[in-house]
Amino acid sequence: MSRESSDQATSEEYVSILKPAILIMAVLMPLIFFFLNIDLHAKVEWWVWPAWFPPHFFVILLIIYLWSRLTRRPMMRPQYLVAIFTICYLVSGWSYMLYGIHYWTMFPMFTGSYGYWIHGLWDETYRALTWDAFPAFTAPHSLPVLEAYYRGGAFDFGPWLPSMLFFSLWMIVVYIGSYFFVLPLYKPLIKVERLPFPYAAPVANTIKWSATTQEDKTFLFSLKSASSKAFWIGLVIGMMTYLPSVISALTPITFPIYLISPPVNQWIQSYMTPILPGAKFTGWFAPAEIVVAAFAPMDTLFTAFLYWLITAVIYPVVGVKMGFLPYYEGIEGTAVYFQEEGPFKADWFAYWGVVPGVAIWMIYRYRDNFINIFKAGLNPKKYPDLAQEEEGLSYRTIALGIIGFFILLIVMWIAVGANPLMSIIGPVYFILYMYGWVRVQAEGMHTASSSYHILPFYDMGTALGQWGPRPDPKAITSLTAFLSTGQPGFERQSAVSMPNQFLIYKVSYENKTRLKDIFIISIITVVSASIIVTFLTPWWYAVNGGRETLGMVEYHQWNWSWIWNLTGGTPPWRVTLFETIGYTFGGIVFTFIAYYLRARFTWFLINPIGIALPAVWGMSHGMFWTWAFLIKLIVLRAGGARAFERYYIPFAVGFAMGTGVLYFFASIIVLFTRVLPLLM
């Protein structure tokens, strides 16, 4: 397509949403979010009620709909709803996309980068290695200043300013750079292959249905069709699943229900352990996620089920019976068989091999798209017949952004003292495995934790002679930079990582919202959030009693042991350098063979994405994907594809959206009953 025809198609199909009100909202939302939610997040159980504002998106949608009916104006166009949702999503966290719960919000941006350097200087165990290794601009090298932050006291802005400025820039480079790095995958995954991105479906469809009319009434708020009835039935049932937490909000007791996860799998485990000792049936069971996970392709679901069955049921039972796997009571609830003991460690094969393998395969498969972006972007006059933009976002901007931010990321790694060679390899590896998780998100669910990728990164340095075998203190700044780039743990739940940002693109595409507009809105919001979080968090904790006396997500503290064990402590895991290399290259080879066979034989159903889906936290998502597989299998066998499209999808979307509606009201109750009394 020529540049002229591309521009014409864009102008006809898309509506620009870059209006002053939207841009102002993108700038101010992080600041408003911080002050409205920080007390709830830090002074109550953050894992139950992380925030209350912005409201659940369905509540926002309902308010807009009622206002349009009251004023007799048309319903707001989907493109503007996508813009509003994007801003709310980026500060609220990953599950705001799925069911409107703020999980874990923008607050952990601090713990995914800046916090590592602060905590490394504060903790007495780590201080012996970090005090001289960390440059002065990464965190205050003053124990009284750090003590005020951790235990409360007067806040001295001067010592904090250099590191605040540096890590504001660090976050901006990591996040905005990530958005540039991933753009070449937009067209192949969303526009060409039209992959489902199951976790984007609730919002994408809800916005789309809000603009769909049926007998002069909005489809979403009508009960004229079986599909709309299915949506509302699902919404009501989804709301009921959150009732225990609403009751909990009205009492002084917090019920031990973690993100709407009843102990179904644990009950199954208790019955199966005497029969199949070692087999793992425990793990994640979240109804609102399972019903949406069934949107994944059938081959993906089947492979996930099969990988769980073979590696988490058959393999452990055979290993226990034959004696090559240890056994003790409760081992089924651990990650021992999948990360530590035995001849095959299923988690590492998926994480270290299959996920990067998927990324390399995508780069190879979509190589023409990558090449054309750089050809048209860097030398448009030489290639006038190539497309010059993607929905208003020029290839020149994309190409220069990828190159510029990649160089900036390398420079920032070197600036903090990371090994020069590993400062190149680290960002490349980060981009590579994040690409893999983008594809996993496209067909299933993003379940990455970059802390799980730290051992291959360390072993790369050992193999290249940049530091010695584990442990070696010379790697401490490189490993800290690695985790500060990959946002370990946090990127699973944040909205600002590559895979979760891609969910927004799916929502925008399904609602004919221009990529350029969403890209710009995302950049403004994330830049604002990076600055707000970096500058306000140390001050807020110091003047409110210190971090040690207040609650919050603390990925930097939980994951610092991964750095320490590889540099000054006991090396983690019973995994050798040979195994690391074996799982990495073995997984990559397996992935290419699987995709080759899929292309050659229609009967070959094994999908590498299905290998990655259950392999998290010690195969704890195995039963999760088994439930999703069974649901889809039963619905398709009972009613066929038509029933799935007409009844199941609206029901599942309603169920997911409904789950978080009562959460919003429960959070407001908690704000008044538990937070405000503490402030008086």
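W122 and E548 share a side-chain donor-acceptor pair at under 3.5 Å. Defined by atom type and a distance below 3.5 Å, a donor-acceptor pair is missing between the side-chain atoms of Y89 and Q501. Under 3.5 Å, the side chains of Y186 and E391 contain a donor-acceptor pair of N or O atoms. H556 and Y114 share no side-chain donor-acceptor pair at under 3.5 Å. With no hydrogens or angles considered, a side-chain donor-acceptor pair links E390 and Y395 at under 3.5 Å. There is no side-chain donor-acceptor pair under 3.5 Å between Y179 and S522.
Taking both residues in full, the closest heavy atoms of I190 and K506 are given as CD1-N, 3.7 Å, listed atom of the first, atom of the second, then distance. What you find for I454 and S451 is that their closest heavy atoms are CG2-O, 3.0 Å. Contact between W94 and N500 at its shortest, heavy atoms only, is CD1-OD1, 3.4 Å. Heavy atoms only, all atoms of each residue included: G120 and T130 are closest at O-OG1, 2.6 Å.
In this structure, S95 contributes its side chain and I101 its backbone to a donor-acceptor pair below 3.5 Å. A distance-only check finds no donor-acceptor pair linking the side chain of T105 to the backbone of H102 [under 3.5 Å]. Under a 3.5 Å cut-off, the side chain of S113 and the backbone N or O of M109 do form a donor-acceptor pair. A donor-acceptor contact shorter than 3.5 Å links the side chain of H56 to the backbone of Y99. Listed for the R127 side chain is a donor-acceptor partner under 3.5 Å among the backbone atoms of L121. In this structure, the side chain of H119 does not engage the main chain of E554 through any donor-acceptor pair within 3.5 Å. Judged by distance alone, with hydrogens and angles left aside, the side-chain atoms of S528 form no donor-acceptor pair with the main-chain N or O of I524 at under 3.5 Å. Judged purely by atom type and a 3.5 angstrom limit, S478 uses its side chain to pair as donor or acceptor with the backbone of N419.
Within a 6.0 Å sphere centred on NZ of K187, heavy atoms belonging to other residues, nucleotides or ligands number 12 at most.
A cation-pi arrangement is not found for R547 relative to Y150, the charged atom failing to lie both closer than 6.0 Å to the ring centre and inside a 45° cone about the ring normal.
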TODO: Please lay out, stage by stage, how N511 and Q79 fare under the test side chain to side chain donor-acceptor pair (under 3.5 Å).
DONE: CA-CA 6 Å; N511 287 279; Q79 291 84 358; over 6 Å; no
Side chain to side chain donor-acceptor pair (under 3.5 Å), that's the test. Do W117 and S484 meet it? Break it down for me. CA-CA 9 Å; W117 306 84; S484 300; 3.0 Å; yes
- Query: Can you check ring pair (Phe, Tyr, Trp, His ring centres under 6.0 Å) on F85 and Y96, steps first, answer last?
  - Reply: CA-CA 9 Å; F85 172 79; Y96 190 81; 5.7 Å; yes
> Would T580 and D459 satisfy side chain to side chain donor-acceptor pair (under 3.5 Å), going step by step from the backbone distance to the final call?
Replying inline: CA-CA 8 Å; T580 303; D459 287 344; 2.8 Å; yes
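Among residues at least two apart or in separate chains, salt bridge (charged side-chain N to carboxylate O under 4.0 Å, His left out) pairs with a member in residues 437-454 are E193-R439, R439-E443. For residues 411-433, the set of pairs meeting the salt bridge (charged side-chain N to carboxylate O under 4.0 Å, His left out) definition, not counting sequence neighbours, is empty.
For an aromatic pair to be called close, the ring centres must be under 6.0 Å apart, and F167 with W170 satisfies this.
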Validation: residues 401-417 side-chain donor-acceptor distances under 3.5 Å, sequence neighbours left out:
from : atom 1 : to   : atom 2 : distance (Å)
W413 : NE1    : T485 : OG1    : 3.0

Please report, to 0.1 Å, the donor-acceptor pairs under 3.5 Å made by any side chain of residues 21-30, with sequence neighbours excluded.
none

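Of the inter-residue distances, the one linking T534 atom OG1 with W160 atom CH2 reads 11.0 Å to the nearest 0.5 angstrom. Note that CG of L455 is 10.0 Å distant from CE of M460, once rounded to the nearest 0.5 Å.
Y351 pairs by the ring pair (Phe, Tyr, Trp, His ring centres under 6.0 Å) definition with W437, Y452, H453, not counting sequence neighbours. S394 pairs by the side-chain contact (heavy atoms from CB on, under 4.5 Å) definition with R396, T397, not counting sequence neighbours.
The shortest side-chain heavy-atom distance between W540 and F34 falls under the 4.5 Å cut-off. When side chains are defined from C-beta on, F519 counts as touching L183, because their heavy atoms get closer than 4.5 Å.
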